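Below is one structure, written out as structure tokens; comments come after it.
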Amino acid sequence: MTGQADEAENEDRGRPGRSTRTYWAAGSAVGLALLFAVGATVAAASDSGVSGSSGTSSRAPGRYSPDAGFARDMAVHHQQAVEMSFIVRDRTEDEPVRSLAYDIANTQANQRGMLLGWLDLWGLPKVIADEPPMSWMATSDGETDEAGGDAGAGGHHGHDMGAAKPGALMTGMATKEELAALGAARGRDAEVLYLQLMTDHHKGGVAMARGCARQCATPAERALAQGMVEAQQSELTLMADMLKQRGAAPRG
């Protein structure tokens, strides 16, 4: 009976039943990614070769390695996704958007905790003041030092990362002005802006995660990054469909 009621509600709102099926397919992908994240935390402890009370070992990634850089940058990237999701939750009564926002906030908050936990596990700082965002993307394969994978920071972003827009910390991230606009919007306007901002955000996140999947040395972190790519690509398809239903489209 619940499924019939949901379909009836979608028809009343002028939205095809395909939207509901697409949403649940994407939701399943997010759920699988979250379950994987829990297991990956345990696996990372083994992969990093931690020993002793210091929480570090000779096998831990270096300070400026892709493993550490990705963990620091993606933790920041995820935090903004969580923030935007909480903003829109209180500014619309649209259940599909609210449910998507909840899934994104829940998944990315958990993944952020894992990334910061790995930095603690490796005995590495969560913030480095003189490290440009995404500088680890410029590290080429095999560019390591004798201390165990500590390649130098700096240089261009490399690979498939585009430049961050003015006022944004990293590729795909929203500016302060865009966050303020989301906070001031209501109803359909809030839904459309959130879906557009999160589409940009996911595109930047996917590019960064692909970089880690290629470059990171820690197997569990590479696997988590690939899981992010797959789950966020599924959500990108969903969000494009949701924008179309609202007479809008992703931003150019």
Side-chain angles (χ1 to χ4, degrees), residues 1-38 74 77-114 172-206 209 224 227-252:
M1 292 298 293
T2 301
Q4 293 176 352
D6 289 342
E7 290 182 3
E9 182 179 354
N10 284 333
E11 291 174 359
D12 291 341
R13 296 160 76 96
R15 297 170 186 159
R18 176 176 172 271
S19 172
T20 302
R21 292 193 296 273
T22 304
Y23 167 72
W24 286 115
S28 297
V30 171
L32 289 174
L34 183 56
L35 289 173
F36 167 79
V38 175
M74 190 57 84
H77 211 266
H78 273 16
Q79 179 59 32
Q80 189 183 75
V82 173
E83 179 183 356
M84 290 194 297
S85 296
F86 279 125
I87 290 174
V88 79
R89 181 195 64 177
D90 298 330
R91 284 157 179 79
T92 178
E93 297 299 322
D94 185 85
E95 192 56 34
V97 171
R98 287 170 58 89
S99 296
L100 174 65
Y102 174 82
D103 283 345
I104 289 174
N106 194 39
T107 298
Q108 297 208 12
N110 277 276
Q111 290 175 345
R112 181 175 184 272
M114 289 177 56
M173 291 186 69
T175 64
K176 291 181 179 179
E177 292 75 16
E178 288 171 331
L179 292 176
L182 180 62
R186 293 291 187 277
R188 178 191 171 279
D189 289 343
E191 296 161 23
V192 169
L193 183 55
Y194 171 75
L195 292 168
Q196 290 174 333
L197 291 175
M198 193 58 72
T199 293
D200 293 344
H201 204 273
H202 271 21
K203 288 178 179 177
V206 166
L224 177 62
M228 289 179 185
V229 170
E230 294 167 2
Q232 291 191 28
Q233 283 180 325
S234 177
E235 288 177 340
L236 282 168
T237 300
L238 169 63
M239 289 190 290
D241 191 42
M242 294 174 76
L243 281 166
K244 185 177 181 180
Q245 293 164 7
R246 290 160 178 78
R251 302 188 299 185

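Quick caveat: nothing in here was measured; it's all calculated off a predicted structure.
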> Given the rule in the side chain to side chain contact (heavy atoms under 4.5 Å, CB included) test, do Asn110 and Met114 qualify, once you have shown the distances and angles that lead to the verdict?
Replying inline: CA-CA 6 Å; Asn110 277 276; Met114 289 177 56; 5.9 Å; no

>> Could you walk me through whether Leu195 and Leu100 satisfy the side chain to side chain contact (heavy atoms under 4.5 Å, CB included) test, starting with their C-alpha distance in whole Å, then the side-chain angles of each, then the deciding distance to 0.1 Å, before giving a yes or no?
In response: CA-CA 10 Å; Leu195 292 168; Leu100 174 65; 3.9 Å; yes

> After noting the C-alpha distance and the side-chain angles of Met239 and Leu236, does the key distance pass the side chain to side chain contact (heavy atoms under 4.5 Å, CB included) rule?
Replying inline: CA-CA 5 Å; Met239 289 190 290; Leu236 282 168; 4.1 Å; yes

>> Between Met198 and Ser85, is the side chain to side chain contact (heavy atoms under 4.5 Å, CB included) condition met? List the steps.
In response: CA-CA 9 Å; Met198 193 58 72; Ser85 296; 3.8 Å; yes

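The residues Glu178 and Arg251 are annotated as salt-bridged, a charged nitrogen and a carboxylate oxygen being separated by less than 4.0 angstrom. Comment: Asp94 engages Arg246 in a salt bridge, judged by a side-chain N to carboxylate O separation of less than 4.0 angstrom.
Ala105 and Val82 get closest at one heavy-atom pair: O-CG2, 3.7 Å. Scanning all heavy atoms of the two residues, the minimum distance from Ala209 to Val229 falls at CB-CG2, 3.6 Å. Closest non-hydrogen pair, Ala81 versus Ile104, comes out as CB-CG2, 4.3 Å. Smallest separation of non-hydrogen atoms from Leu179 and Ile87: O-CD1, 4.4 Å. The minimum heavy-atom distance linking Leu243 with Val192 is given by the pair CD2-O, 3.7 Å.
Counting heavy atoms from C-beta on, the side chains of Met242 and Pro96 come closer than 4.5 Å.
Here CG of Leu197 is found 11.5 Å from CE of Met173. Values are rounded to the nearest 0.5 Å. The CG atom of Leu224 sits 8.5 Å away from atom CE of Met74, with the distance rounded to the nearest 0.5 Å. One finds the OG1 atom of Thr199 at 6.5 Å from the NZ atom of Lys203 (value rounded to the nearest 0.5 Å). Taking CE from Met84 and CD from Gln79, the interatomic distance works out to 11.0 Å, rounded to the nearest 0.5 Å.
Under the 3.5 Å distance criterion, the side-chain polar atoms of Glu235 are left unmatched by any main-chain donor or acceptor of His202. No donor-acceptor pair closer than 3.5 Å links the side chain of Asp189 to the backbone N or O of Ala185. With hydrogens and angles disregarded, no donor-acceptor distance shorter than 3.5 Å links the side chain of Glu191 to the backbone of Thr92. When atom types are taken as modelled, the side chain of Gln233 and the backbone of Glu230 share no donor-acceptor pair closer than 3.5 angstrom.
The stretch residues 177-201 participates, sequence neighbours left out, in these ring pair (Phe, Tyr, Trp, His ring centres under 6.0 Å) pairs: His77-His201. The list of salt bridge (charged side-chain N to carboxylate O under 4.0 Å, His left out) pairs with a residue in residues 83-92, not counting sequence neighbours, is empty.
Using a 3.5 Å distance cut-off with no hydrogens or angles, the side chains of Asp241 and Gln245 do pair a donor with an acceptor.
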